[in-house]
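Scroll down for the structure; my scribbles are underneath it.
Bear in mind that the values here come from a model prediction, so they are computed numbers and not experimental data. In what follows, chains are A, B, ... by sequence order, proteins preceding strands, each numbered from 1.
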Number of protein chains: 2
Amino acid sequence: MSYALGMSGVKSRREQYSEATRAALLAAAARRFAEHGFAGTALEDVAADIQATRGAVYHHFANKTALFRAVHEQAETAMLKRVEAAAAVHADDVLAAAGAALEEFLDCCCEPEYGRLVWQEAPLALGWPEWKASEEKYAFGMIEQTINALMDAGAMPALPAATMARAVFQLLGGAGIELAMTAEPDKIRVKDEYLQVLGYMLGAGPAEPDGPAGPAGLA
Amino acid sequence: MSYALGMSGVKSRREQYSEATRAALLAAAARRFAEHGFAGTALEDVAADIQATRGAVYHHFANKTALFRAVHEQAETAMLKRVEAAAAVHADDVLAAAGAALEEFLDCCCEPEYGRLVWQEAPLALGWPEWKASEEKYAFGMIEQTINALMDAGAMPALPAATMARAVFQLLGGAGIELAMTAEPDKIRVKDEYLQVLGYMLGAGPAEPDGPAGPAGLA
DNA sequence: CATACGACATACACAGCGTATGTTTCCGAC
DNA sequence: GTCGGAAACATACGCTGTGTATGTCGTATG
């Protein structure tokens, strides 16, 4: 029963240091994983970025996969927070909220630390089943919720909601990867084109090329 | 200037043997890669499946990536052949051809050797840029062509074709992975649900839940 | 102030890729 | 028919990177 300080919320110096290095490791790993991929990053380098050794990594995380898992969850929760904040602005309008959430999500995907990590490396690093289970908790759950809201509001016909959500999910993911890999000057254009196309597919009405909104007015 | 036989199309016994082992390696690698993933398969095991050693592998292929590349291309061309054959049946009707192609593609994805290989492992093994470039040649080109045909026929509004094609591409890919990972008894149901959803998104009209065809009648 | 434990660093075992170097078998020329 | 030579492999080696086992130092606790 040592370290009673921790129980009362006050952190001892040791704990503070430990958490600091853990956070630093997470940050360094996020950068490395996003830039060089999961297989392409050696734990040695991650540790070196922190002026530490692999011993530190293996002290804080069970193995390379566990480290990635932590990085991944961190990225997902950060994304969720941003998207929920964006949607919360339009608390009264379901469609507007969905549109805002969509755009904020695409913005998140523009940043390689989210786009590459979540949509490229994660399925590999965690394995497809775990990745899918994870997405079930984050992006996917949010999407399905929105889809159901849209169906209830009559803005979308009643189709198998789960499959529909999966399709939208994949669609957003593809847009995410594409955006993450697009060179900076083209990002705005590509993002707009995706908003158009997504609006058409989800709004499910013939959209005018110069007025991207389908009947749902999602975009 | 030896082996003049090869020039006239007749294969010497050595060449026949060599091609046989090469083909066997490709087949074994395809199974291993599809089942255990790219990183999860050791060339040792691939060679062992053929009762050979890694030397054989490295004789026929420059490295592990090159082996995967060959497997990948083989899978893609096989898929393309099947889809084109399915579409060719409806040479007169653009929509029917697109629908048949779609269904045949989904069928291909149901087989792990295509679904997992192309949509899961390939981006990792080849790297995203090369994978994308490859898809540009295969699935993507075919899709864009179909999209353009549909737009010309007035079955689909004129949206940025490239982005639209990419979205459809990603959509199909997602369906492919999902199908590839779905347990056998559920595959038919999931595939049908996807046909419904895709029909809605592409046909862009409110589809009846029990009559999956939108106005385009894609499915 | 002695002791135990947590936070690392160091050292080691092992797998898997790539390469360099044999060894055998077949082909073609003389 | 036999003899060089090259293709088709097998064998042996080095290297990198993961995971684990052990060591060391500081710090909290009785």
Tell me: [atom1] of [X] to [atom2] of [N], nearest whole Å?
{"X": "A:Tyr58", "N": "D:dG19", "atom1": "OH", "atom2": "C1'", "value": "5 Å"}
{"X": "A:Leu43", "N": "C:dC8", "atom1": "CG", "atom2": "C1'", "value": "15 Å"}
{"X": "A:Glu44", "N": "C:dT10", "atom1": "CD", "atom2": "C1'", "value": "12 Å"}
{"X": "B:Lys64", "N": "C:dA15", "atom1": "NZ", "atom2": "C1'", "value": "11 Å"}
{"X": "B:Asn63", "N": "C:dG16", "atom1": "CG", "atom2": "P", "value": "17 Å"}
{"X": "B:Asp45", "N": "C:dA15", "atom1": "CG", "atom2": "C1'", "value": "11 Å"}

A:Arg54: partners by salt bridge (Lys or Arg N to Asp or Glu O under 4.0 Å), with sequence neighbours left out:
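Counting only residues at least two positions away or on another chain, A:Arg54 forms no salt bridge (Lys or Arg N to Asp or Glu O under 4.0 Å).
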Of all residues at least two apart in sequence or in a different chain, which pass the salt bridge (Lys or Arg N to Asp or Glu O under 4.0 Å) check with B:Lys137?
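Result, salt bridge (Lys or Arg N to Asp or Glu O under 4.0 Å) vs B:Lys137: none returned.
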Name each donor-acceptor pair under 3.5 Å that joins a side chain in residues 99-113 of chain A to protein atoms two or more places apart or in another chain, with its distance.
{"unit_1": "A:Glu103", "atom_1": "OE2", "unit_2": "A:Lys191", "atom_2": "NZ", "d": "3.3"}
{"unit_1": "A:Glu104", "atom_1": "OE2", "unit_2": "A:Arg82", "atom_2": "NE", "d": "2.9"}
{"unit_1": "A:Glu104", "atom_1": "OE2", "unit_2": "A:Arg82", "atom_2": "NH2", "d": "3.0"}
{"unit_1": "A:Asp107", "atom_1": "OD1", "unit_2": "A:Lys191", "atom_2": "NZ", "d": "2.9"}
{"unit_1": "A:Glu111", "atom_1": "OE1", "unit_2": "A:Arg82", "atom_2": "NH1", "d": "3.4"}
{"unit_1": "A:Glu111", "atom_1": "OE2", "unit_2": "A:Arg82", "atom_2": "NH1", "d": "3.3"}

Show every donor-acceptor pair shorter than 3.5 Å between a side-chain atom in residues 164-178 of chain B and any protein atom, with sequence neighbours excluded, or say none if there are none.
{"unit_1": "B:Glu178", "atom_1": "OE2", "unit_2": "A:Lys132", "atom_2": "NZ", "d": "3.3"}

Can you sort out which residues in residues 33-42 of chain A have a heavy atom within less than 4.0 Å of DNA chain D? Ascending by number, please.
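Of all residues in residues 33-42 of chain A, the ones placing a heavy atom under 4.0 Å from DNA chain D are A:Thr41, A:Ala42.
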I'd like a list of close polar pairs between nucleotides 8-10 of chain D and the protein, N/O only, cut-off under 3.5 Å.
{"unit_1": "D:dA8", "atom_1": "OP1", "unit_2": "B:Ser18", "atom_2": "OG", "d": "3.2"}
{"unit_1": "D:dA8", "atom_1": "OP2", "unit_2": "B:His59", "atom_2": "NE2", "d": "3.3"}
{"unit_1": "D:dC9", "atom_1": "OP2", "unit_2": "B:Thr21", "atom_2": "OG1", "d": "2.7"}
{"unit_1": "D:dC9", "atom_1": "OP2", "unit_2": "B:His60", "atom_2": "NE2", "d": "3.1"}
{"unit_1": "D:dA10", "atom_1": "OP2", "unit_2": "B:Thr53", "atom_2": "N", "d": "2.9"}
{"unit_1": "D:dA10", "atom_1": "OP2", "unit_2": "B:Thr53", "atom_2": "OG1", "d": "2.7"}
{"unit_1": "D:dA10", "atom_1": "O5'", "unit_2": "B:Thr53", "atom_2": "OG1", "d": "3.4"}

Could you work out, with ring-ring contact (aromatic ring centres under 6.0 Å, His included) as the rule, every residue matching B:Tyr194, not counting sequence neighbours?
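With sequence neighbours excluded, B:Tyr194 shows a ring-ring contact (aromatic ring centres under 6.0 Å, His included) to no residue whatsoever.
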What pairs of residues pass the side-chain hydrogen bond (donor to acceptor under 3.5 Å, both in side chains) test when at least one of them lies in residues 33-48 of chain A, not counting sequence neighbours?
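Residue pairs passing side-chain hydrogen bond (donor to acceptor under 3.5 Å, both in side chains), neighbours aside: none found.
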Considering only residues two or more places apart or on different chains, which pairs with a residue in residues 115-125 of chain A satisfy salt bridge (charged side-chain N to carboxylate O under 4.0 Å, His left out)?
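Output for this query lists A:Arg116-A:Glu121.
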Determine the interplanar angle of the B:His72 and B:Phe68 rings, folded into 0 to 90°, and report it as parallel if under 30°, tilted if 30 to 60°, perpendicular if over 60°.
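Parallel.
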